[in-house]
Engineer: 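Could you have a look at this structure, given as C-alpha cells, before my questions?
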Amino acid sequence: MNDETAVPRRIHPIVELDYGVRRWANLLVFVVLVSHFLERPPSPWAWAVLVFHGFLWAPLARWVARRAPDSRQAEHRNLMADALLFGVLSGLVSFSLWPSTLMLSSGLLSILSLGGPPLALRGFVAWLAGALLGAAASGFDVQLETSLRTALLSVACFVPYLLMFGVHSYSQSQRALEARREVIQRNEQITLKNRQLELARMLADSANRTKSAFLANMSHELRTPLNAIIGYSELLESEFMDIGEADRVGDVQKIRSAGMTLLAMVEGVLNLSKMEAGQAEVFNAPFRPDELVESVAQEMREEIERNGNVFSLFCDVPPLRLLGDAEKIREILAHLLSNAGKFTRDGEVVLNVRHEPETQMLVIQVDDNGIGIASAQRELLFRAFAQADSSSTRRFGGSGLGLAITRHYCELMGGTIDVDSQVGAGARFVVRVPAPVAARRGLAHA
C-alpha cells in the first residue's frame with residue numbers, strides 16, 4: 001500500500017507528554033550526578049551511562065514509541081526502562097541519599113501518574129534490578145553521605161521537576177477535559193438527531209395511517225359503483241343474448257372485463273393499505289387444499305391460456321383438511337398464476353402443490369418459461385406499484401401489487417417466498433406456508 005492510501009497510525013498522547021518530562025528531568029539528574037561524580041570520580045563507563053541517560057535516552061525512547069504498533073504499551077515499556085536506568089545510576093553513585101532519592105521519587109511519581117499503582121510497583125522492581133546491577137558494577141560500595149553542594153542541587157532540581165511535571169499533567173488534563181466536552185456535545189447532537197428522527201418517524205406513521213384510511217375509504221367508495229357496473233353489464237349481456245343482438249354482447253363483455261380488472265386493482269390497494277396499517281390478520285381454519293387448488297386453477301385457466309399458453313396442474317396433496325388461512329392462500333395462488341400468465345406468451349405455466357408432513361408446510365411452486373428477470377432486479381418484484389422493468393408495464397400492464405401482497409401474506413402467515421429467474425429463461429416462484437393437519441376429530445379426513 002502506498003503512502004497516499006495508508007491510514008495514518010495514531011500516536012498515544014503520553015508519548016509526547018513523557019518526552020517533554022523525560023528530556024528536562026534527565027538533564028536535571030545529569031547536573032546532579034555530574035556534581036557527585038566530580039567529588040567521587042567513577043569508572044569511564046559510568047560516565048558513558050550518565051551521558052546516554054542525560055542526552056540520548058529521551059529522543060531514543062520517543063522514536064521507539066512512535067514506531068511501535070501500540071505506542072501506549074511501548075511507552076509503558078519506556079517507563080520501565082526509566083526505572084531501570086535510574087536504578088543503575090543509583091547503584092553507581094553508591095546509593096548516595098539525595099541523588100538516589102531524587103531519581104527514585106521522580107521516576108516512581110511519573111510511572112504512578114501515568115500507569116497507576118500496578119505499573120508503579122513494576123517500576124519499583126525494575127529500579128531494584130537496576131540498583132543491584134549498578135551496585136555490582138561499583139563493587140557494592142554503599143555511601144549514603146551526600147555533599148552539601150549535591151544535596152542542594154538535588155533539592156533545587158526536584159522543585160523544577162515537580163513544576164514541570166505539574167504543567168505537563170495540567171496540559172494533559174485540559175486536553176482530556178476538552179475531549180470530554182466534545183464527547184458530551186456529540187452525545188447531545190446525537191440525542192437531538194434521534195429525537196428528530198423519532199418525530200419524523202411518528203409523522204411518517206401518522207401520514208401512513210392517514211393514507212391507509214383514505215385508501216380504505218376510497219376503495220369502498222369505488223367498489224360500490226364498480227360492482228353495480230359489473231352487475232348491470234352481466235344483466236345487459238344476458239338480455240342481448242336473449243333478444244338475439246349478439247353484436248352488442250362483445251361490447252358489454254368488454255365493459256364487464258374492464259370493471260373486473262379495475263375491481264381487482266381496487267381490492268389490491270385495499271389489501272395493501274390494510275397490511276401497511278397493521279390491520280391484516282390471519283384467520284386459521286380447516287380447509288381442503290386439493291379443492292382450493294382445483295378451484296383457483298379453474299378460475300385462472302382462461303386468463304393463462306388467453307396468451308397461447310399451456311397450463312398444467314400437479315397437486316400432490318392427500319384429501320386431508322389442513323389448518324390455515326384459506327382466503328390468503330387462495331390470493332397467493334391467484335397472484336402467482338396471474339403473474340406467470342401475464343409475462344408468458346405461447347409458453348407453458350406449471351402449478352405444483354404439495355404438502356410436507358415432516359415440516360407441516362404447504363409448498364406452492366409456479367414455473368413458467370416467460371421473459372424472466374435479471375438477478376439484480378428481483379427485489380423490485382415484491383415492491384408495491386413497481387415492476388422490474390418500466391417497459392414491462394407498457395407491454396404487459398398490471399399495477400405491480402400482486403407479488404407485493406403475496407410476500408406480505410407469506411410473512412404474515414410465517415412463511416417464505418423465493419424466486420429463481422434468468423432473463424429469457426422464465427421464472428420459478430416457491431411459496432412455503434405453515435399448514436398443519438387439522439387435529440380435531442372429524443376434520444382431518446374428508
Side-chain angles (χ1 to χ4, degrees), residues 214-275 279-280 283 285 287-313 315 325-346 349 351 353 364 366 368 384-385 387 393-406 409:
F214 170 78
L215 288 175
N217 292 333
M218 288 302 298
S219 297
H220 175 74
E221 296 298 327
L222 287 172
R223 279 189 299 174
T224 301
L226 281 174
N227 284 326
I229 292 172
I230 294 170
Y232 278 108
S233 65
E234 291 175 348
L235 290 175
L236 287 174
E237 180 181 356
S238 177
E239 290 181 4
F240 286 148
M241 293 183 66
D242 290 340
I243 63 178
E245 296 187 17
D247 54 335
R248 297 186 179 182
V249 173
D251 295 332
V252 176
Q253 287 178 340
K254 291 179 181 178
I255 295 174
R256 181 167 62 86
S257 177
M260 294 292 291
T261 301
L262 186 55
L263 180 61
M265 293 178 62
V266 171
E267 291 285 355
V269 171
L270 176 60
N271 291 335
L272 186 63
S273 64
K274 285 183 178 180
M275 287 182 287
Q279 299 175 355
F283 300 97
F287 70 98
R288 280 280 300 269
D290 52 339
E291 295 177 355
L292 175 64
V293 171
E294 183 64 32
S295 173
V296 176
Q298 290 302 322
E299 293 173 4
M300 301 300 300
R301 184 178 297 276
E302 181 180 355
E303 179 181 339
I304 295 172
E305 294 179 347
R306 189 183 305 152
N307 293 330
N309 299 314
V310 176
F311 178 48
S312 302
L313 168 63
C315 185
D325 194 326
E327 289 304 315
K328 289 182 174 56
I329 294 175
R330 176 185 292 274
E331 286 197 46
I332 289 173
L333 282 165
H335 287 313
L336 291 178
L337 291 175
S338 176
N339 181 78
K342 180 169 59 177
F343 293 103
T344 305
R345 294 289 189 271
D346 299 321
V349 176
L351 171 61
V353 182
I364 302 170
V366 177
D368 67 70
F385 304 106
Q387 290 184 349
T393 305
R394 296 191 296 270
R395 290 174 56 195
F396 301 99
S399 62
L401 287 175
L403 292 180
I405 293 174
T406 298
Y409 280 166

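Just so it is clear, the values below take in all heavy atoms, side chains as well, and ignore hydrogens, waters and symmetry mates. Just so it is clear, the structure is predicted and the values come from calculations on it, not from any experiment.
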Engineer: Starting from the C-alpha separation in whole Å, work towards a yes-or-no answer on side chain to side chain contact (heavy atoms under 4.5 Å, CB included) for K328 and E331.
Structural biologist: CA-CA 5 Å; K328 289 182 174 56; E331 286 197 46; 5.6 Å; no
Engineer: What I'd like to find out is whether the side chain of T344 reaches to under 4.5 Å of the side chain of N307, using heavy atoms alone.
Structural biologist: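 Not in contact.
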Engineer: Donor-acceptor pair, D368 side chain versus G341 backbone, under 3.5 Å?
Structural biologist: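 No; zero donor-acceptor contacts below 3.5 Å.
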Engineer: Has E302 got more than 12 heavy atoms of other residues, nucleotides or ligands less than 6.0 Å from its CD?
Structural biologist: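 At most 12 heavy atoms, drawn from other residues, nucleotides or ligands, come within 6.0 Å of this atom.
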Engineer: Rounded to the nearest 0.5 Å, what separates atom OG1 in T406 from atom CG in N339?
Structural biologist: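 One finds 8.5 Å between OG1 of T406 and CG of N339.
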Engineer: Taking salt bridge (Lys or Arg N to Asp or Glu O under 4.0 Å) as the definition, give me every residue that meets it alongside E291, ordered by chain and number, with sequence neighbours left out.
Structural biologist: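 Result, salt bridge (Lys or Arg N to Asp or Glu O under 4.0 Å) vs E291: R288.
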Engineer: Nearest heavy-atom pair of N309 and R345: which atoms, and what distance?
Structural biologist: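 Distance-wise, the nearest heavy atoms are OD1-C, 3.5 Å.
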Engineer: Please report the interatomic distance CD(E294) to CD(Q298), rounded to the nearest 0.5 Å.
Structural biologist: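 Between E294 CD and Q298 CD, I get 5.0 Å after rounding to 0.5 Å.
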Engineer: So among M300, E299, E305, which one has a side chain to side chain contact (heavy atoms under 4.5 Å, CB included) with E303?
Structural biologist: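 For E303, the side chain to side chain contact (heavy atoms under 4.5 Å, CB included) check succeeds only for M300.
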Engineer: If I take atom CD1 from residue I304 and atom CZ from residue F311, how far apart are they, to the nearest 0.5 angstrom?
Structural biologist: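 One gets 4.5 Å once the value is rounded to the nearest 0.5 Å.
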Engineer: Can you find a heavy atom in the side chain of F287 that is under 4.5 Å from one in the side chain of I329?
Structural biologist: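 With C-beta onward as the side chain, the pair touches.
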Engineer: Going from CG on L336 to CG on L403, what distance comes out if it is rounded to the nearest 0.5 angstrom?
Structural biologist: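 CG of L403 is found 6.5 Å from CG of L336.
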Engineer: Check whether S338 reaches the backbone of A334 with its side chain - one donor and one acceptor, N or O, closer than 3.5 Å.
Structural biologist: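 No; zero donor-acceptor contacts below 3.5 Å.
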Engineer: Using the test side chain to side chain contact (heavy atoms under 4.5 Å, CB included), find all partners of S238 that sit at least two apart in sequence or belong to another chain.
Structural biologist: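 Scan of S238 (side chain to side chain contact (heavy atoms under 4.5 Å, CB included), adjacent residues dropped) gives D242.
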Engineer: Restricting to non-hydrogen atoms, name the atom on H335 and the atom on I405 that form the minimum distance, rounded to 0.1 Å.
Structural biologist: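 It is NE2-CG2, 4.1 Å.
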Engineer: Looking only at heavy atoms, what is the nearest atom pair of D325 and F283, with distance?
Structural biologist: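 Nearest pair, atom of D325 first, then F283: OD2-N, 2.9 Å.
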Engineer: Please collect all salt bridge (Lys or Arg N to Asp or Glu O under 4.0 Å) contacts where either partner lies in residues 232-241, sequence neighbours excluded, each pair once.
Structural biologist: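 Output for this query lists E237-R256.
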Engineer: Looking only at heavy atoms, what is the nearest atom pair of S233 and V252, with distance?
Structural biologist: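 Scanning both residues, the minimum pair turns out to be O-CG1, 2.8 Å.
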Engineer: Starting at CZ of R301, measure out to CG of L313 and round the result to the nearest 0.5 Å.
Structural biologist: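 Between atom CZ of R301 and atom CG of L313 there are 7.0 Å.
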